[in-house]
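The next block holds one structure in the form of C-alpha cells; read it before the comments.
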Amino acid sequence: MISVLLADGHDVVRVGVRTVLLRESDIEVVGEARTAAEARPLIATLRPDVLILDAHLPDSSGVALCREALAMKSDIRCMILATDADDEVMSQAIMAGAAGYVLKQIEATSLVSGVRLVASGHTLFDPEAAAKVVHNVEERRRMHEVVAELTPQQRRILVLLAEGISNRQIADRLVLAEKTVKNHITGLLAKLGVSHRTQAALMASQLLEDGVVPRPAPPGDDARQTRGTSRGTKGTPKGAGPNGGPVPPLPRGQAPSRTPGRSR
C-alpha cells in the first residue's frame, strides 16, 4: 500500500486529487493540508511514502517543504504539483531532491501512474525540461569555477559590470586609469569565455544571486575627491589653512610667526 499526503492551498485541486487516488486499491491518502504549517506535523507523525505538494503553498513553497520533509524522513518521495512548467521552480525542485514535477492539468490516469512510479524509486520529470535544468546547473558550476580563478580586481570589475556602468565610471569607482579597466575587462571576458560585456554582466548578476561574489559597497565620493587633488603634508591640501580653508594674506611688512617655544 502506498501512503500519500496531499498539501495544496486550493480545496478543489486537493479534493480532485484525493478522489482520483482513492479509486486505486494500492494507494491510501493518509492526510491533507492546506498550508506548510498544517503539513509539517502530519509529515512527522504519519510519515507517508509520497508527498504531493503544491508548488506555491499559501505560507511557503512546495520545494521548501520538500527539503524539510526529506530532513524528517530521507526516503520520502515528493511530487511537486505546479500550474505551469517553470524552469526555475523545476530546477529548484531537482536540487531539493524532489522525485517528480507534474502540472495540475495532468490526466487522472497519468497522475496515478506517476505516484506509483515515484513510490517505486523512479523520477518523473519532463525529459527536455530536465535536460535544460541539468545544463543550467552545469553552467552555474562552471561559472563558479571560473570566478575562483579571477584576480580580486577582476572580481570587483565583474560585479560592477552587472550594474551596467561604463569603463569611465568603473575607473572612477576603483580609482584606476580607464585604459587599465579596459585591459582588465579584456582578460575577464577571455576567462569567462564570452565576447561581449553584456554576457559578462548577465553572468555577474547570476553569481551575485548565488552569493558567489559579494555585492559591491555603495559608491562614495572619497575616491573621486582623491583623484587629481594635490595634497600637502598630513593630508592637508596645499595652500590650505589648519581648518581646510585658504590661508589669509599677511599684512604688508609682517613676517610669519614662529612656533612658540622654539628658538633658532
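Only heavy atoms go into these numbers, but all of them, side chains included; no hydrogens, no water, no symmetry mates. Residue numbers start at 1 and run along the sequence shown.
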Measure across [X] and [Y] and return the closest heavy-atom pair with its distance rounded to 0.1 Å.
X	Y	result
P48	V30	CB-CG2, 4.2 Å
G9	L57	N-CD2, 4.1 Å
A96	L70	O-CD1, 3.3 Å
E38	L42	O-CG, 3.5 Å

[X]: partners by side-chain contact (heavy atoms from CB on, under 4.5 Å), with sequence neighbours left out:
X	result
A39	A7, A33, I43, L65
A64	S60, S61
R14	L6, D8, D11, E32, R34
D86	D84, E88, V89, Y101

For this session: Decide whether L21 and V15 are clustered together by the hydrophobic rule: side chain heavy atoms of Ile, Leu, Val, Met, Phe, Trp, Tyr closer than 4.5 Å, transitively.
Result: no

For this session: Is it possible for you to say whether L202 and L158 belong to one hydrophobic cluster, with membership spreading through side-chain heavy-atom contacts below 4.5 Å?
Result: no

Exercise. Yes or no on side-chain contact (heavy atoms from CB on, under 4.5 Å) for L160 and L174, after CA distance, side-chain angles and deciding distance?
Worked result: CA-CA 10 Å; L160 292 175; L174 299 179; 3.9 Å; yes

Seminar exercise, completed: For residues 39-64, the salt bridge (Lys or Arg N to Asp or Glu O under 4.0 Å) pairs (sequence neighbours left out) are R40-E68, D54-K104

Under 3.5 Å, sequence neighbours excluded: what are the donor-acceptor pairs made by side chains of residues 186-197?
{"from": "T186", "atom 1": "OG1", "to": "K182", "atom 2": "O", "distance (Å)": "3.0"}
{"from": "K191", "atom 1": "NZ", "to": "E149", "atom 2": "O", "distance (Å)": "3.3"}
{"from": "K191", "atom 1": "NZ", "to": "Q154", "atom 2": "OE1", "distance (Å)": "3.1"}
{"from": "S195", "atom 1": "OG", "to": "Q199", "atom 2": "OE1", "distance (Å)": "3.4"}
{"from": "R197", "atom 1": "NH1", "to": "N167", "atom 2": "OD1", "distance (Å)": "2.6"}
{"from": "R197", "atom 1": "NH2", "to": "I165", "atom 2": "O", "distance (Å)": "3.0"}
{"from": "R197", "atom 1": "NH2", "to": "N167", "atom 2": "OD1", "distance (Å)": "3.4"}

Pairwise distance [atom1]([X]) to [atom2]([Y]) - rounded to 0.5 angstrom:
X	Y	atom1	atom2	value
E178	R168	CD	CZ	5.0 Å
L51	C78	CG	SG	5.0 Å
L81	Q105	CG	CD	9.0 Å

For this session: Carefully, step by step, assess V147 and R155 under the rule side-chain contact (heavy atoms from CB on, under 4.5 Å).
Result: CA-CA 7 Å; V147 168; R155 287 181 196 160; 4.2 Å; yes

Problem set entry | Set of residues satisfying side-chain hydrogen bond (donor to acceptor under 3.5 Å, both in side chains) with respect to Q153, sequence neighbours excluded | R156

Problem set entry | M95 CE: over 12 foreign heavy atoms closer than 6.0 Å | no

Would you indicate whether the side-chain heavy atoms of [Y] and [X] approach each other to under 4.5 Å?
X	Y	answer
V118	T123	no
V50	I27	no
L124	M79	yes
I170	I157	yes
I52	I80	no

Exercise. Do side-chain atoms of Q169 reach the backbone of S166 as a donor and acceptor pair under 3.5 angstrom?
Worked result: yes

I'd like a table of donor-acceptor pairs (distance under 3.5 Å, sequence neighbours excluded) in which one partner is a side-chain atom from residues 107-116, with atom names and distances.
{"from": "S113", "atom 1": "OG", "to": "T109", "atom 2": "O", "distance (Å)": "3.2"}
{"from": "S113", "atom 1": "OG", "to": "S110", "atom 2": "O", "distance (Å)": "2.9"}
{"from": "R116", "atom 1": "NE", "to": "D26", "atom 2": "OD2", "distance (Å)": "2.8"}
{"from": "R116", "atom 1": "NH2", "to": "E24", "atom 2": "OE1", "distance (Å)": "2.9"}
{"from": "R116", "atom 1": "NH2", "to": "D26", "atom 2": "OD1", "distance (Å)": "3.1"}

Problem set entry | side-chain contact (heavy atoms from CB on, under 4.5 Å) evaluation trace for I185 with L161 | CA-CA 9 Å; I185 291 176; L161 284 176; 4.1 Å; yes

